[in-house]
Amino acid sequence: MNSPDIITSTKSFLDHLPVLQVLFPFAFAPLCVLFGHRKIALYITISACALAFVISLLLLRQVLIVGVVSYELGGWPPPVGIEYRVDFLNAFLLVLVSGMAFLTSIYLIGTMHAEIEEDKQTLFLTCFLLCISGLLGVLITGDAFNLFVFLEISSLSTYVMVAQGANKDKRALTAAFDYLVMGTIGATFFVIGIGFLYAATGTLNMYDIAERIREDLPNRTIQVAFAFILVGLGLKGALFPLHTWLPKAYSFSPTPTAVFLASTATKVAIYAIIRFLFSVFHSHPSMLESVLINIVMPLGILAMFAAGGIAFYQRDLKRMLAFSSVSQIGYILLGVSFMSTIGLTAAVVHLFNHGISKALLFVCTGIIFLSFGSSFYKNIKGLGRRMPWTSAAFLIGGLSLIGIPGTAGFISKWLLVQAAIEQGSWLIVAAILISSLIAILYVWQVTEIMYFAKSPSTETKEYLGPSSFLIVWILAFSTVFFGLNTSFTVEYSSKAANLLMNNFTMEK
Amino acid sequence: MIGDTLSQVGTLLATHSIYWLFIILMMTGFYIVVSRGNLIKKIIGLNLFQTSVFLFYISIGKVTGGTPPILPMKLKVDDFSVYSNPLPHVLILTAIVVGVATTALGLSLIIRIRESYGTIEESDLLEINRKIFSRENVQDLQQGDLFKDE
């Protein structure tokens with residue numbers, strides 16, 4: 001990669017894909033402001049998201065052919081310059097994030113005018129595009145400090161997007177403020193960690209850091225760096241006891257924000273955790289092992305139970321879904337903490353599958369919210385008759401949360417159980433199954449209210465424009481499709497997991 | 001034994017004084033964020049917290065005996081002088097921008113909060129939010145069982 005003839009040779013469009021991936025949403029964001037009109041801004045947003053999605057698919061194809069795509073920003077070879085590096089793991093997640101961004105942008109066609117004040121719509125779309133480019137940047141970059149900058153680009157725009165819920169419920173403002181404080185503390189912890197790593201190694205390129213800390217014996221600086229990075233990213237990714245910002249931020253933000261955040265933002269933070277664990281700190285396996293088994297695994301299991309239990313006691317769809325997100329993040333971290341190929345595959349597949357199912361659930365909740373003005377359980381009585389399409393789609397999403405065979409959620413839970421069996425820990429297998437029972441409880445409660453409670457009126461009242469209808473059923477269809485056909489998700493995830501575990505077993 | 005530890009701490013204080021300064025400043029900021037109820041004070045604490053990290057970065061760029069990393073005339077690198085590391089400064093320039101953006105956004109959120117709630121004290125805000133929440137739940141209770149006919 002470092003040979004000079006590659007740098008000097010003229011590059012085709014395809015060689016610049018990694019940078020274009022981030023650049024399209026980023027460059028289109030100011031265009032929204034420049035044109036100023038909200039309709040034009042919406043079309044700009046949709047085209048930027050579509051372009052990003054196409055590029056992510058092209059990148060995935062390239063990764064399949066070449067293995068690892070490395071891009072030198074400005075022609076400076078790494079480790080001096082910033083490197084964008086795409087392998088199976090982030091190529092797969094780039095498809096998820098840009099795909100979800102595209103679907104959310106189409107969902108915005110039918111719902112933006114009802115959710116966001118008219119004079120703020122253009123700026124909302126600008127923040128949305130900035131958020132997308134930040135998340136894509138976190139996924140694609142190979143430079144630790146660059147990752148921090150992208151993380152903050154996405155987080156800052158997220159705070160704004162959450163606060164836009166204030167025209168419906170003023171609690172969105174305090175939710176956004178809490179998120180800002182927690183998010184900034186998380187980001188600052190992360191930066192301290194990077195600082196320690198830089199002090200220890202003198203480099204910021206993640207793969208170079210991994211090389212340089214290889215020879216070192218367990219070193220206090222590196223251990224401290226690891227702790228700070230894990231806590232910082234844990235705050236961003238809503239690791240269980242650090243999750244308190246999430247339910248508020250999801251339940252008071254406008255639903256398009258909730259759809260996009262629930263399916264991508266925490267997933268990207270967890271990607272960063274996985275990346276640091278298995279691509280940077282893999283040369284200190286004993287440290288990783290002790291942290292993963294003693295801290296991450298118990299917290300993951302605790303999240304599955306505690307957040308699931310709290311979800312059962314909610315009386316609002318949005319809050320219920322938010323707490324269920326925290327519990328699903330527990331499953332992902334459990335998969336990571338097994339430190340086995342199959343566990344990691346389960347984690348990556350669940351990142352993808354849960355992203356799709358949660359987006360579906362939030363889209364349905366958004367439609368319910370717009371039809372009835374709120375998403376309280378008391379307002380959704382007998383919804384099965386009043387809003388047949390939305391309720392049916394919601395049910396599919398709910399089944400996927402539980403992990404019923406035939407839905408996407410089943411695949412990831414099945415892999416997770418397999419990973420637990422492989423470790424021989426039957427207690428964890430029992431924990432996964434029992435926590436799925438809790439998921440049955442909170443999903444069944446909603447289903448019962450929707451389908452078996454008498455509704456005050458029987459008129460059908462479905463706030464469902466053609467674009468929302470399209471999104472609901474694309475998501476519902478893909479939830480079922482990825483539950484039946486696993487060739488795409490499992491194949492890529494296991495390739496990604498193999499690659500990460502190769503690093504790891506080499507060290508052992 | 002205790003004397004040994006004390007002298008170790010003493011040398012650590014003497015040789016790594018800048019790190020102690022950074023830790024103290026960082027913890028001061030963090031403590032303000034956690035303990036103060038006034039949202040503006042929280043933002044100030046957050047700022048202090050971030051700034052301490054900037055100082056830490058800049059301090060690790062210093063090379064003992066190093067001069068500022070400015071090339072002398074004719075852009076020729078002087079082989080005899082030791083330069084400090086300029087990279088942390090560049091990084092922190094970016095981090096300062098992020099910090100400014102965070103502060104600006106935090107303050108503007110505070111203005112919006114003041115407009116809608118009439119207060120920026122966290123305890124009052126929590127009280128108001130709790131009231132809204134319990135009102136929602138009371139409506140729920142008045143309707144009784146979710147499955148009762150209306």
Side-chain angles (χ1 to χ4, degrees), chain A residues 80 144-146 148-149 151-153 155-157 159-160 162-163 166 169-185 187-192 194-196 198-200 202-204 248 252 315-316 319 374 376-378 380-382 445 448-449 452-457, chain B residues 22 26 29-30 33-34 39 42-43 45-47 49-50 52-54 56-57 59-61 85 87-88 90-92 94-95 97-99 101-106 108-117 120 122 125-126 128-129 132-133 136-137 139-140 142-150:
Chain A
V80 174
F145 198 82
N146 200 227
F148 159 73
V149 176
L151 202 62
E152 278 310 84
I153 290 175
S155 296
L156 283 166
S157 39
Y159 309 146
V160 179
V162 170
D169 190 331
K170 64 180 177 181
R171 281 174 289 176
L173 294 171
T174 46
F177 189 82
D178 284 353
Y179 187 12
L180 180 132
V181 171
M182 302 274 272
T184 307
I185 291 174
T188 313
F189 267 48
F190 179 69
V191 156
I192 297 171
I194 300 296
F196 279 120
Y198 183 69
T203 179
L204 287 167
K248 285 183 273 183
F252 299 127
R315 284 290 167 272
D316 177 9
R319 287 186 73 83
S374 82
F376 293 118
Y377 285 2
K378 63 186 180 215
I380 59 165
K381 285 198 227 171
Q445 191 182 31
E448 200 169 346
I449 294 168
F452 299 111
K454 280 221 171 81
S455 68
S457 80
Chain B
F22 143 67
M26 178 176 123
F30 194 52
V33 177
V34 176
L39 298 188
K42 267 185 196 292
I43 289 290
L46 208 59
N47 230 310
F49 182 55
Q50 288 181 308
S52 74
V53 182
F54 303 165
F56 164 65
Y57 263 78
S59 72
I60 58 176
N85 186 355
L87 185 70
V90 182
L91 298 179
I92 286 320
T94 319
V97 175
V98 171
T102 312
T103 311
L105 184 57
S108 49
L109 272 175
I110 292 175
I111 293 173
R112 286 295 310 274
I113 289 175
R114 175 87 167 72
E115 281 171 3
S116 343
Y117 284 83
I120 55 165
E122 198 182 28
L125 292 172
L126 282 175
I128 295 170
N129 280 348
I132 301 175
F133 189 70
E136 284 169 356
N137 276 351
Q139 284 171 359
D140 225 24
Q142 280 169 349
Q143 286 196 326
D145 185 9
L146 283 165
F147 299 102
K148 212 169 71 183
D149 295 352
E150 298 204 7

Tell me, with the steps shown, if E122(B) and T174(A) meet side-chain contact (heavy atoms from CB on, under 4.5 Å). CA-CA 9 Å; E122(B) 198 182 28; T174(A) 46; over 6 Å; no
Residue pair L125(B), F177(A): steps toward the side-chain contact (heavy atoms from CB on, under 4.5 Å) verdict: CA-CA 12 Å; L125(B) 292 172; F177(A) 189 82; over 6 Å; no
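Atom CG of L173(A) and atom CD1 of I111(B) lie 12.0 Å apart (nearest 0.5 Å). Rounding to the nearest 0.5 Å gives a distance of 4.5 Å between OG1 of T188(A) and CD of Q50(B).
At a 4.5 Å heavy-atom cutoff, the contact between V181(A) and chain B is made by backbone and side-chain atoms alike. Only the side chain of T94(B) comes within contact range of chain A, with heavy atoms under 4.5 Å apart. Proximity to chain A is absent for every atom of L126(B), based on heavy atoms less than 4.5 angstrom apart. Contact annotation for L91(B): both backbone and side-chain heavy atoms come within less than 4.5 Å of a heavy atom of chain A. Heavy atoms closer than 4.5 Å to chain B are found in the side chain of F145(A), but not in its backbone. If you measure heavy-atom distances from L204(A) to chain B, the contacts under 4.5 Å come from the side chain alone. Of the atoms belonging to I60(B), it is side-chain heavy atoms, and not backbone ones, that fall under 4.5 Å from chain A.
Contact tally against chain A (heavy-atom pairs below 4.5 Å) for G29(B), G106(B), G61(B): the top residue is G106(B). For chain B, the option among V191(A), I194(A), D316(A) with the highest count of heavy-atom pairs below 4.5 Å is V191(A). Taking chain B as the reference chain and counting heavy-atom pairs below 4.5 Å, the highest number among L156(A), V160(A), D169(A) is found for L156(A). Counting heavy-atom pairs closer than 4.5 Å to chain A, the top residue among I113(B), V97(B), I128(B), I110(B) is I113(B).
Contact between K170(A) and I132(B) at its shortest, heavy atoms only, is CE-CD1, 4.0 Å. In this structure, Y117(B) and R171(A) approach most closely via the heavy-atom pair OH-CA, 3.2 Å. Considering every non-hydrogen atom in both G195(A) and Y57(B), the closest pair reads N-OH, 3.0 Å. In plain terms, the two heavy atoms of A163(A) and L109(B) that are nearest each other are CB-CD2, 3.7 Å. Scanning both residues, F49(B) and I185(A), for their nearest heavy atoms gives CE2-CA, 4.0 Å.
Residues meeting the side chain to side chain contact (heavy atoms under 4.5 Å, CB included) test with I192(A), sequence neighbours left out: F196(A), F228(A), F22(B), M26(B), V53(B). Evaluation of the ring-ring contact (aromatic ring centres under 6.0 Å, His included) rule for Y159(A) yields Y179(A) as partners, not counting sequence neighbours.
Only one option out of I43(B), L46(B), V33(B) pairs with T184(A) in a side-chain contact (heavy atoms from CB on, under 4.5 Å); it is L46(B).
Residues Y198(A) and N85(B) are in side-chain contact: their nearest non-hydrogen atoms beyond the backbone lie under 4.5 Å apart. Put simply, the side chain of F133(B) does not reach to within 4.5 Å of the side chain of R315(A), judged on heavy atoms.
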